[in-house]
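See below for the structure under consideration.
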Amino acid sequence: MDEQGRVEFTKEMKKDYRILIPTMLPRHLKMLAALLNAYGYHAELLENTGKEVIDTGLKYVHNDACYPATLVVGQFISALNSGKYDVHKTALFFTQTGGGCRASNYISLIRKALVKAGYGYIPVISLNFVGLEKNSGFKLSIPMMRRMLYSVIYGDVLMVLCNQVKAHEIHKGEAEAMADKWTKLCVDQLKKPGILPYSRIKKTYVDIIRDYKTIELDGIDKVKVGIVGEIYVKFSPLANRFLENYLIEEGAEPNMAGLMDFALFYIYGRVLEYDMYRIHKKSIHILRLAYKIFVRKQQDIIDAIHKESDFDAPTPFAHTVALAKPYVNYGVKMGEGWLLVAEMVEHIDRGTNNIVITQPFGCLPNHIVGKGVMKVVKDRNPGVNLIAIDYDASASEINQQNRIKLLLANAKQEIGPGEKN
Ligand code: SF4
């Protein structure tokens, strides 16, 4: 342990330590865990959920921290307490963006909680691309990073298609079963040693889309609901109480932008910082190159979906950026920053007029940007229904559901009874 209380994850530990990954995007992270295992680690995605996780988080994190911090710490400590793991051969894994928002500092909250719970000897590995923390036992090679990017793209493709199909499938469970099947196939492909040409990845997009087209749908017009908000609460079923499933049960079709948008927002933000303040001088060429690569990859998904199907495809990122311009300055970059507004307007641009803003307790960026723009977005887009739902340990689920039901009732009145199309 160093002077700051940090325990390094060493090369020795790589051999037999179990690495626990907290839930955020279950499908994406399942692929990431499998990928890490293919590179010699022993990673596992945590799936513990419910009141026990929340209560444990509250016990070890001060209640003025934002809600995702409570959940991440709660999930880790609750897993360590479960007796399922050899705590002397366990490490924790966490992502850091390096931005000014609290997420960059969770790592110290996690360490503090570990000490308090008697696990101060457990190493916490930070996944970051800005040199925040290094561990001799955890290194990312270029081929590994490429495959991680592919796992993000596959995760997005599966999420986008699964949500659209699940809302309309005749035989319940088919869309999820197909996503499970493809998650496994993608993992098998990404795990294989040797060269993985991008042409094979592109062919897999097509195969996934064609497979999803075989699922029988009801052809009924349903209320589309866009989900935006802070990244953890937006994506994590643990945090948002299975919001996507709830919307589907209530007869709506949920829609949300994938993780690629956040990755592009992050890279684009750094390029802008260079243009505005001349920082990131050393990495600007890599950042510009990464931006081009990510944009190109996103366009490949869009092209494949348009060519092969009638499914809704993601919005090209350049268009997302342009949509935000009349509403917010690109210098607003804490947390999800201007992307939050951009995603709201993106849904409206695609004809989705009902939007849920997932709002974690204690999140300053979301309160300022998310709630702050609601009035102006509504004023400039008459007929749009926006609701901000607060998520925190004490928020009443019934209250959250009632507000969503009200949104859906209003929307259903507008579109009339669901007609077959
Ligand atoms: S965006 Fe908000 S909820 Fe997320 S880490 Fe930052 S402060 Fe916390």
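Nothing fancy with the numbering, it's 1 onward along the sequence. Just so you know, ligand 1 is whichever comes first in the structure, and atom 1 is the first atom listed for that ligand.
Annotation for ligand 1: atoms under 4.0 Å from non-hydrogen atoms of C101 are 1 (S), 5 (S), 6 (Fe), 7 (S). Residue P68 approaches ligand 1 through these ligand atoms, each under 4.0 Å from one of its heavy atoms: 3 (S). Counting atoms of ligand 1 from 1 in the listed order, those under 4.0 Å from a heavy atom of E336 are 1 (S). Each of the following atoms of ligand 1 lies closer than 4.0 Å to a heavy atom of P360: 3 (S).
Using modelled atom types, one finds no donor on one side chain facing an acceptor on the other under 3.5 Å when comparing N37 with E44.
Residue Y67 does not touch ligand 1, judged by heavy-atom distances below 4.0 Å.
To the nearest 0.5 Å, atom OG1 of residue T320 and atom CG of residue L323 are 6.5 Å apart. The distance from atom CG of L185 to atom CG of D207, rounded to the nearest 0.5 Å, is 9.5 Å.
Annotation: F265 is in aromatic contact with W338 [ring centroid separation under 6.0 Å]. Aromatic ring centres of Y232 and Y67 lie farther apart than the 6.0 Å criterion allows.
No cation-pi contact links R200 to Y198, judged by a cut-off of 6.0 Å to the six-membered ring centre and 45° from its axis.
Among Y106, Y391, Y232, the residue whose heavy atom sits closest to atom 5 (S) of ligand 1 is Y106.
Residue W182 forms a side-chain contact (heavy atoms from CB on, under 4.5 Å) with just one option from V157, T204, L161, and that option is T204.
Atom 8 (Fe) of ligand 1 does not have C363 among its coordinating residues (no N/O/S atom, backbone or side chain, under 2.8 Å). Not a single N/O/S atom of C66, whether from backbone or side chain, sits less than 2.8 Å from atom 6 (Fe) of ligand 1.
Restricting E230 to its N, O or S atoms, the one at the least distance from atom 4 (Fe) of ligand 1 is OE2.
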